[in-house]
Number of protein chains: 2
Amino acid sequence: MGVAERKLREKEQLKNLILSGAKKLFLEKGIEKTTIRNIADEIDYSIGTVYVYFKDKDEIFNGLHSQGFQQLRSLMLPLLKVNDPMERLKALGHIYVDFALDNPDMYELMFSMKAPMAYLEKARMDEWNEGQATFEILRKTVGDCLEKGHFQGHQLNPLTYLIWGTVHGICSFNSNGRIMCVQEEPSEELVRSSYEEFTSLMERF
Amino acid sequence: MGVAERKLREKEQLKNLILSGAKKLFLEKGIEKTTIRNIADEIDYSIGTVYVYFKDKDEIFNGLHSQGFQQLRSLMLPLLKVNDPMERLKALGHIYVDFALDNPDMYELMFSMKAPMAYLEKARMDEWNEGQATFEILRKTVGDCLEKGHFQGHQLNPLTYLIWGTVHGICSFNSNGRIMCVQEEPSEELVRSSYEEFTSLMERF
DNA sequence: TATATTTATTGAACATTGTTCATTACTTTT
DNA sequence: AAAAGTAATGAACAATGTTCAATAAATATA
């Protein structure tokens, strides 16, 4: 039966169309100001259709949230080839900072907004696979660093969490508008130079 | 004229009453689910009255945002007495982490939500005084550390920003629900142990 | 004190949102 | 060609932020 398969494919396509319309509007006019009606208009479907393919708005948020993590992951995976773990760690952070600066709205959706996580809770999915997968890449690298004698006397989990937290922290101030407190330089510069401070700190271990 | 003064005082009081009602509901049922009608009900005034005292909902968010920074600041100021700057730095971070863990909703309002900053922009107040003031406490302390020979070869601004970013990063994962990726331990423990990792890293400089 | 004026409070009404669901249009099967 | 099944629709509903003419209360004036 090719029909059933085609229908499945079409369903998937329309789901993606809705997501891409949503993403376009998110980037154009901001996440908060994008409504279901806007999304429906954008892709020339009715409101009701959107609700056939997505249970509610949070599920749309979650869909884009997932896409964002896939994108970030695909940027990170090639770096697993870097043999020296400290170099790999620094490169991972660099990619991460670039991603956050290039995609502040996506970054906000992925790491600040409640909605995507609220959907996971509603859907009783207590696991956040995308986050976990990304975390694993980092943990593996930090583990390799420990094995090579870096960060002596530190524990894997809290250290990994600390490193992610650090890079996330300097990025998130940028994406959520809390960076004005040091106004002498443009905020992107401040984020990058802070990350440089961080890598030069890590190098000593 | 005592009347005008009394009226001013009463105005201030009602403003505070609205804010405290809002805060109560925020903590009770979450920020997102608190409506203007709820706030008005809570304090036995009408919707309209709320709008006499606050231009819009963002201004209420901003009011609580300010109160949060005042509270955090008042927790930090006593630590300026600590003479050794590295000890002071660690103590400041500790206070900060405690505040974030004890007040996750307030923390989210202060450092993640768009609304309070959106209000500043709307009101054409390009300065974020509360944030700046808090940042200054930290910058002063980091500056003292540099003078005493810590963090050699690092620059004041990016380093200060990095340190704030680090502590904020590990806290924010907790308040915005992105901490599930390491599930072996309760999230509060992970935040605290990560902060310990951080202080023990800093101590070496 | 009685009246006029200013100030404070109100809540009905509006626009916009997320969401639902009976109805319509279209596809596939018989 | 008709029946059965699937997909798409948009009017309708409830809830929200917001406004504003009308009301009530407080103050100033005579």
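Throughout, protein chains are lettered first and strands after them, A, B, ... in sequence-line order, and every chain is numbered starting at 1.
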Rounded to whole angstrom units, what separation is found between the [atom1] atom of [X] and the [atom2] atom of [N]?
X	N	atom1	atom2	answer
B/K33	C/dG18	NZ	P	16 Å
A/R37	D/dA12	CZ	C1'	11 Å
B/I36	C/dT17	CD1	P	17 Å
B/Q13	C/dA8	CD	P	14 Å
A/K57	C/dT19	NZ	P	8 Å
A/F61	C/dG18	CZ	C1'	11 Å
A/Y45	C/dT24	OH	P	21 Å
A/I47	C/dT17	CD1	C1'	10 Å

Is the distance from OP1 or OP2 of [N] to the nearest side-chain N or O of [X] less than 4.0 Å?
X	N	result
B/T49	C/dT9	no
A/R6	C/dT28	yes
B/Y51	D/dT19	no

Please state whether the rings of [X] and [Y] are parallel, tilted or perpendicular, taking 30° and 60° as the class boundaries.
X	Y	answer
B/F198	B/Y195	tilted
A/Y96	A/W164	perpendicular
A/H168	A/F111	tilted

So what does [X] touch, heavy atoms closer than 4.0 Å: a base, only the sugar-phosphate, or nothing?
X	value
A/F54	nothing
A/L14	sugar-phosphate
B/K11	sugar-phosphate

| query | Within a strict 4.5 Å, meaning less than it, do heavy atoms of the B/V50 and B/I60 side chains meet? | reply |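 A side-chain contact under 4.5 Å exists here.
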| message | Return whichever of B/D56 or B/K7 has its heavy-atom-nearest nucleotide of DNA chain D closer to the 5' end. | response | B/D56
| Counting side-chain heavy atoms from CB outward, which of C/dT19, C/dT28, D/dA8 is closest to A/Y53? |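 Looking only at heavy atoms from C-beta outward on A/Y53, the closest nucleotide is D/dA8.
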| request: With the side chain of B/V52 defined as its heavy atoms from C-beta on, choose the nearest nucleotide among C/dG18, D/dT9, C/dT9. | output: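 Between C/dG18, D/dT9, C/dT9, the one nearest the side chain of B/V52 would be C/dT9.
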| said: So which atom in A/Y161 and which in B/S194 form the shortest heavy-atom distance, rounded to 0.1 Å? | reply: CD2-OG, 2.9 Å
